[in-house]
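Hydrogens, waters and symmetry mates play no part in the numbers below; they use all other heavy atoms, side chains included. Letters A, B, ... are given to chains in the order of the sequence lines, protein chains preceding strands, and every chain is numbered from 1.
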Protein chains: 2
Amino acid sequence: MVLLVRAPAKSRERWQLPWRSLRPGETIDDEAAKLARKSLGTAPSLVEQVAAFGDKRRHPSGAELSVAFLALVDEETGEGVVGDAMWHAVEDLPPLPPRQRAMLEGVVTSLRSRLDQSPIAFHLLPSIFTLTQLQEIYELLLGRRLHKASFRRSLHAAWLVEPTDEWRSEGRGRPAQLFRYAPKKRRSGRRGVRFGA
Amino acid sequence: MVLLVRAPAKSRERWQLPWRSLRPGETIDDEAAKLARKSLGTAPSLVEQVAAFGDKRRHPSGAELSVAFLALVDEETGEGVVGDAMWHAVEDLPPLPPRQRAMLEGVVTSLRSRLDQSPIAFHLLPSIFTLTQLQEIYELLLGRRLHKASFRRSLHAAWLVEPTDEWRSEGRGRPAQLFRYAPKKRRSGRRGVRFGA
DNA sequence: ATGAATTAGTCGCGAAACGCGACTAATGTC
DNA sequence: GACATTAGTCGCGTTTCGCGACTAATTCAT
């Protein structure tokens with residue numbers, strides 16, 4: 001889901017991405033982190049610069065150039081959103097200013113395409129987790145279901161996790177083993193997680 | 001290879017990426033295209049925005065924010081470079097300002113990673129070309145050799161080219177068939193070019 | 001002429017990766 | 001004790017991949 005804020009009354013669209021103008025002397029990375037904290041009421045688990053947009057479609061503020069950042073929070077943290085901000089489903093968004101629409105699409109595409117190389121998903125989990133939890137995160141970010149056996153095979157081939165000796169029995173069903181994120185640095189030809197079904 | 005220009009005398013490094021400051025009222029896409037034309041003496045076959053850099057490492061001009069663009073020209077066109085600009089091998093570069101070093105690395109990585117989905121290579125070839133020419137472009141951009149049979153298999157699987165009925169006999173050896181870029185829009189599950197060996 | 005050299009293009013096999021249904025395992029519930 | 005529920009694995013048929021070896025068409029040297 002995407003966090004949107006109410007737009008000023010004069011805009012045609014009623015919602016916008018959270019944004020702020022760059023203050024002289026500040027770095028955009030710092031500014032983006034501050035904006036995320038302010039919009040969420042808490043610090044996100046990951047903030048990452050994605051792309052810059054500077055074409056004819058102008059930003060609502062009239063700015064020539066916009067730099068898009070991705071910030072991720074887990075569902076629980078997302079509940080504590082402050083002010084007039086509200087979460088919207090990515091597949092069902094209200095009208096947005098054209099450039100923001102493009103930025104959002106770019107961010108989502110970029111996120112999904114880098115998901116196999118970058119350990120983004122682990123930022124949304126506690127340090128110890130079950131493989132089912134991990135798979136659910138990937139399914140959420142990719143927007144589609146994955147096959148359990150195939151997911152685990154890719155995962156082990158990528159040497160990203162190692163088992164702990166703890167087990168979690170969460171209500172009914174067989175207890176799940178807990179894993180931690182522990183990428184093995186394969187010196188040559190390391191491979192990311194490949195997904196398919 | 002990368003086109004660098006001489007830095008002002010006061011800088012520690014002697015070379016820099018071509019750059020200019022954004023003039024109010026201009027779009028960065030337009031400005032980038034102009035800069036490329038001016039640096040090269042001719043229009044590049046492709047100009048593409050890649051990423052923005054705004055961390056602590058400052059641009060030589062002191063600017064807070066830098067937006068990196070990729071411009072590609074074929075070897076022949078590159079000969080006509082004007083002024084004090086000079087081509088340098090990507091694997092053997094002179095010292096650059098830190099942010100520019102990072103920008104360059106980002107651009108090259110991004111170029112290589114998107115090469116399988118985006119028809120970048122075709123911008124560097126005439127509209128009619130041989131498959132060996134195409135493979136050489138990919139090898140140049142990826143910085144490694146590819147296996148001929150595998151390359152052609154991936155290429156045909158991606159439905160990117162179609163044969164013409166023309167043949168080129170270029171000196172010795174068997175004449176090569178000429179192809180044109182003609183991507184088939186497979187409605188579902190289109191796949192890019194995959195490389196390996 | 002004839003054969004070596006050169007470049008283009010294809011075949012096919014062994015290995016690896018993938019998709020996926022079906023299986024076993026361990027727990028709670030009725 | 002049967003059954004539902006969740007975790008985890010196995011294995012088989014198919015596709016993809018890496019790559020050496022092959023055929024094809026031309027030029028060059030003798």
Side-chain angles (χ1 to χ4, degrees), chain A residues 112 115-117 121 125-126 128-140 142-180 184 186 188-197, chain B residues 115-117 121 125-126 128-140 142-180 186 188-197:
Chain A
R112 287 180 175 159
L115 204 52
D116 63 332
Q117 289 294 344
L125 288 173
I128 300 291
F129 48 84
T130 70
L131 295 189
T132 299
Q133 284 181 300
L134 182 59
Q135 180 175 345
E136 284 167 350
I137 294 290
Y138 273 101
E139 290 178 341
L140 214 54
L142 289 171
R144 60 192 168 91
R145 302 296 311 273
L146 300 174
H147 189 272
K148 184 173 48 162
S150 302
F151 176 76
R152 286 161 191 238
R153 185 172 39 194
S154 311
L155 197 61
H156 288 123
W159 294 92
L160 286 182
V161 297
E162 74 182 13
T164 70
D165 49 3
E166 295 180 63
W167 295 74
R168 166 178 309 163
S169 55
E170 181 124 13
R172 48 219 148 283
R174 171 175 171 175
Q177 189 168 15
L178 291 167
F179 290 75
R180 74 166 57 89
K184 286 273 187 306
R186 317 278 290 164
S188 66
R190 76 188 178 287
R191 52 173 305 186
V193 188
R194 301 237 188 122
F195 309 103
Chain B
L115 204 52
D116 64 331
Q117 289 293 345
L125 288 173
I128 301 291
F129 48 84
T130 71
L131 296 189
T132 298
Q133 283 181 302
L134 182 59
Q135 180 174 345
E136 283 166 350
I137 294 290
Y138 272 100
E139 290 178 340
L140 214 54
L142 290 170
R144 59 191 169 92
R145 301 297 310 273
L146 300 174
H147 189 271
K148 183 173 49 161
S150 301
F151 175 75
R152 286 164 191 236
R153 185 172 40 196
S154 311
L155 196 60
H156 288 124
W159 293 95
L160 286 181
V161 296
E162 74 182 13
T164 69
D165 49 4
E166 295 180 63
W167 296 74
R168 167 178 308 163
S169 55
E170 181 123 15
R172 48 220 148 284
R174 172 176 169 173
Q177 188 168 16
L178 291 167
F179 289 76
R180 72 166 57 89
R186 318 275 291 164
S188 67
R190 76 186 179 290
R191 53 175 305 187
V193 188
R194 301 238 188 120
F195 309 102

Please confirm whether any donor atom in the side chain of B/Arg153 sits under 3.5 Å from an acceptor in the base of C/dG9, or the reverse.
-> no
So with a 6.0 Å cut-off around CZ of A/Arg172, is the heavy-atom count from everything else above 12?
-> no
Spacing of CD belonging to A/Gln177 relative to CD belonging to A/Glu166, to within rounding of 0.5 Å | 10.0 Å
Any chance you could measure B/Leu131, atom CG, to B/Tyr138, atom OH, to the nearest 0.5 Å?
-> 11.5 Å
Find the distance B/Arg145:CZ to D/dG20:P and express it as a whole number of Å.
-> 13 Å
So does B/Thr132 get a side-chain nitrogen or oxygen closer than 4.0 Å to the phosphate oxygens (OP1/OP2) of C/dA8?
-> yes
Can you tell me the distance, in whole Å, between the NZ atom of A/Lys148 and the C1' atom of D/dG11?
-> 15 Å
Nucleotide nearest A/Ala149 (side chain, heavy atoms from C-beta), chosen from D/dG8, C/dG21, C/dC11 | C/dG21
Write down the distance between CG (B/Leu146) and P (C/dA8), rounded to a whole number of angstrom.
-> 15 Å
Is B/Ala176 touching bases, backbone alone, or none of the nucleic acid, heavy atoms closer than 4.0 Å?
-> sugar-phosphate
Please give, in whole Å, the distance from C/dG9 P to B/Arg168 CZ?
-> 11 Å
Using only side-chain N and O atoms of A/Arg152, determine if any of them is under 4.0 Å from OP1 or OP2 of D/dG8.
-> yes
Rounded off to whole Å, could you give me the CG-to-C1' distance for the B/Leu178 and C/dG9 pair?
-> 14 Å
With no hydrogens and no angle check, is any side-chain donor or acceptor of A/Glu162 less than 3.5 Å from a backbone partner on A/Arg180?
-> no
What salt bridge (Lys or Arg N to Asp or Glu O under 4.0 Å) pairs are there with at least one residue in residues 151-161 of chain B, not counting sequence neighbours?
-> none
Identify each atom pair where a protein N or O and an N or O of nucleotides 24-30 of chain C are less than 3.5 Å apart, giving names and distance.
residue	atom	partner	partner atom	Å
C/dA25	O4'	A/Arg174	NH1	3.2
C/dA26	N3	A/Arg174	N	3.4
C/dT27	O2	A/Gly173	N	3.4

Rounded to the nearest Å, what distance is computed from the CD atom of residue B/Gln133 to the P atom of nucleotide C/dT7?
-> 14 Å
Roughly, in whole Å, what's the span from NE2 in A/His147 to C1' in C/dC23?
-> 12 Å
Could you grab the distance from atom CG of B/Leu146 to atom CD of B/Gln135, nearest 0.5 Å is fine?
-> 5.5 Å
Rounded to whole angstroms, how far apart are CG on B/Leu131 and C1' on D/dA25?
-> 16 Å
Indicate yes or no: at least one non-hydrogen side-chain atom of B/Ile137 is less than 4.5 angstrom from one of B/Gln133.
-> no
When we call it a touch if two heavy atoms are under 4.0 Å apart, what does B/Thr130 touch: a base, just sugar-phosphate, or nothing?
-> nothing
